[in-house]
Amino acid sequence: MTKFRHLIWMVIAAGGLILSAPQSQAQTRQPDVGDQPGLIADDSVELDPQFRKTAVLYRTSEAPGTIIVVTAERHLYLVQGNGRALRYGIGVGREGFTWQGLVNITRKAEWPDWTPPPEMIARQPYLPRFMAGGPGNPLGARAMYLGTTVYRIHGTNRPDTIGTAVSSGCFRLVNADVADLYERVPVGTKVIIRQKPEL
């Protein structure tokens, strides 16, 4: 009798594994919360005070006009000089999509079109192959392209993701903030991406 019960439990367990496999595969195909093409930004979303644009004291040897992104803090700093900077709250790359380095802004665009790179399409096959610029575009109101990478500083149609790590490596700001930053920096601006603050 004990052997028979043991055999029944083994059959039930095996059946559970077989049934759970399609569910786990379906979960990997779920849309990325950070990329929702067509969603119109909810401008009533109130940012946590630490992620609102503000002037702050900021010690650095970098020249005024330099952008410093500190991913661990979820902040982007625009150096003003005299120990000050404008600080913007940002959304950053999720685990496995963080990076650091020194680049320049190579191009700027208002209400940019979006062509997800092939690597992103492979990870998220539900994404459109092309999307014209506009309020429902995940790149938001403005984009500043970083060097020869596929990464950008851009707006978002998901203001609720500011302060989180959900992107595929880009840095997102609410549309009002990205439009403000866009007006302040020219093509050629130096951008430093750091994982942690400078000591």
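These numbers come from the heavy atoms of this one structure, side chains and all, not from hydrogens, waters or symmetry mates.
- For the pair Gln195 (side chain) and Trp99 (backbone), a donor-acceptor distance under 3.5 Å is present.
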Checking side chain to side chain contact (heavy atoms under 4.5 Å, CB included) for the pair Thr148/Thr106: CA distance, chi angles, key distance, verdict? CA-CA 8 Å; Thr148 58; Thr106 50; 5.9 Å; no
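- Salt bridge Arg52/Glu46: present, at least one basic N to carboxylate O contact under 4.0 Å.
- Scanning for ring pair (Phe, Tyr, Trp, His ring centres under 6.0 Å) contacts around Tyr145 gives an empty result, with sequence neighbours left out.
- Contact record, Gly65 with Leu78: O-CD1, 3.6 Å, taken as the closest heavy-atom pair.
- Residues Leu139 and Asn137 share a closest heavy-atom pair of N-OD1, 2.8 Å.
- Pro125 approaches Arg129 most closely through the heavy-atom pair O-NH1, 3.1 Å.
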Decide yes or no on side chain to side chain contact (heavy atoms under 4.5 Å, CB included) for Tyr88 and Ile162, but give the supporting numbers first. CA-CA 10 Å; Tyr88 301 83; Ile162 301 304; over 6 Å; no
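- Across Gly93 and Ala165, no two heavy atoms sit closer than the pair O-CB, 3.5 Å.
- Side-chain atoms of Asn175 come within 3.5 Å of backbone N or O of Thr156 as a donor-acceptor pair.
- Using a cut-off of 4.0 Å between Lys/Arg side-chain N and Asp/Glu carboxylate O, Arg87 and Glu73 are scored as not salt-bridged.
- Looking at Arg94, its side chain does come within 3.5 Å of a backbone N or O of Ser167 through a donor-acceptor pair.
- What you find for Cys170 and His154 is that their closest heavy atoms are CB-NE2, 3.4 Å.
- Val191 and Val187 fall into different hydrophobic clusters, where Ile, Leu, Val, Met, Phe, Trp and Tyr side chains are chained together by heavy-atom contacts under 4.5 Å.
- Tracing side-chain contacts under 4.5 Å through hydrophobic residues (I, L, V, M, F, W, Y), one never reaches Val178 starting from Trp111; they form parts of separate clusters.
- Closest approach of Pro116 to Pro128, counting heavy atoms only: CG-O, 3.3 Å.
- Annotation: side chain of Arg194 is not in contact with side chain of Val69 (no heavy-atom distance under 4.5 Å).
- From Gln80, atom CD reaches atom OG1 of Thr66 across 10.5 Å, with rounding to the nearest 0.5 Å.
- For the residue pair Arg172 / Thr161, a side-chain donor-acceptor distance below 3.5 Å is found, with atom types taken as modelled.
- Hydrophobic clustering (ILVMFWY, side-chain heavy atoms < 4.5 Å, transitive): Leu86 and Tyr182 are in one cluster.
- The closest side-chain heavy-atom distance from Val103 to Ile193 is below 4.5 Å.
- Atom CD of Glu119 and atom OG of Ser168 lie 10.0 Å apart (nearest 0.5 Å).
- Around atom CG of Asp48, more than 12 heavy atoms belonging to other residues, nucleotides or ligands sit under 6.0 Å away.
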Determine, step by step, whether Phe171 and Arg152 satisfy the side chain to side chain contact (heavy atoms under 4.5 Å, CB included) criterion, reporting the C-alpha distance in whole Å, the side-chain angles of both residues, the deciding distance to 0.1 Å, and the verdict. CA-CA 6 Å; Phe171 308 108; Arg152 295 161 289 246; over 6 Å; no
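- Transitive grouping of hydrophobic side chains (ILVMFWY, heavy atoms separated by less than 4.5 Å) brings Trp114 and Ile121 into a common cluster.
- With Asn157 contributing its side chain and Gly136 its backbone, the two residues share a donor-acceptor pair below 3.5 Å.
- Two residues are said to be in side-chain contact when any heavy atoms from C-beta on lie closer than 4.5 Å; Ile67 and Ile105 meet this criterion.
- Note that CZ of Arg142 and CD of Glu183 are 6.5 Å apart. Values are rounded to the nearest 0.5 Å.
- Val92 and Ile68 sit in two unconnected hydrophobic clusters of ILVMFWY residues. Membership requires side-chain heavy atoms under 4.5 Å apart, directly or through other members.
- The CD1 atom of Ile192 sits 3.5 Å away from atom CD of Glu62, with the distance rounded to the nearest 0.5 Å.
- Not a single donor-acceptor pair under 3.5 Å links the side chain of Lys53 to the backbone N or O of Leu181.
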Show your reasoning for whether side chain to side chain contact (heavy atoms under 4.5 Å, CB included) applies to Val174 and Phe51. CA-CA 10 Å; Val174 292; Phe51 298 121; over 6 Å; no
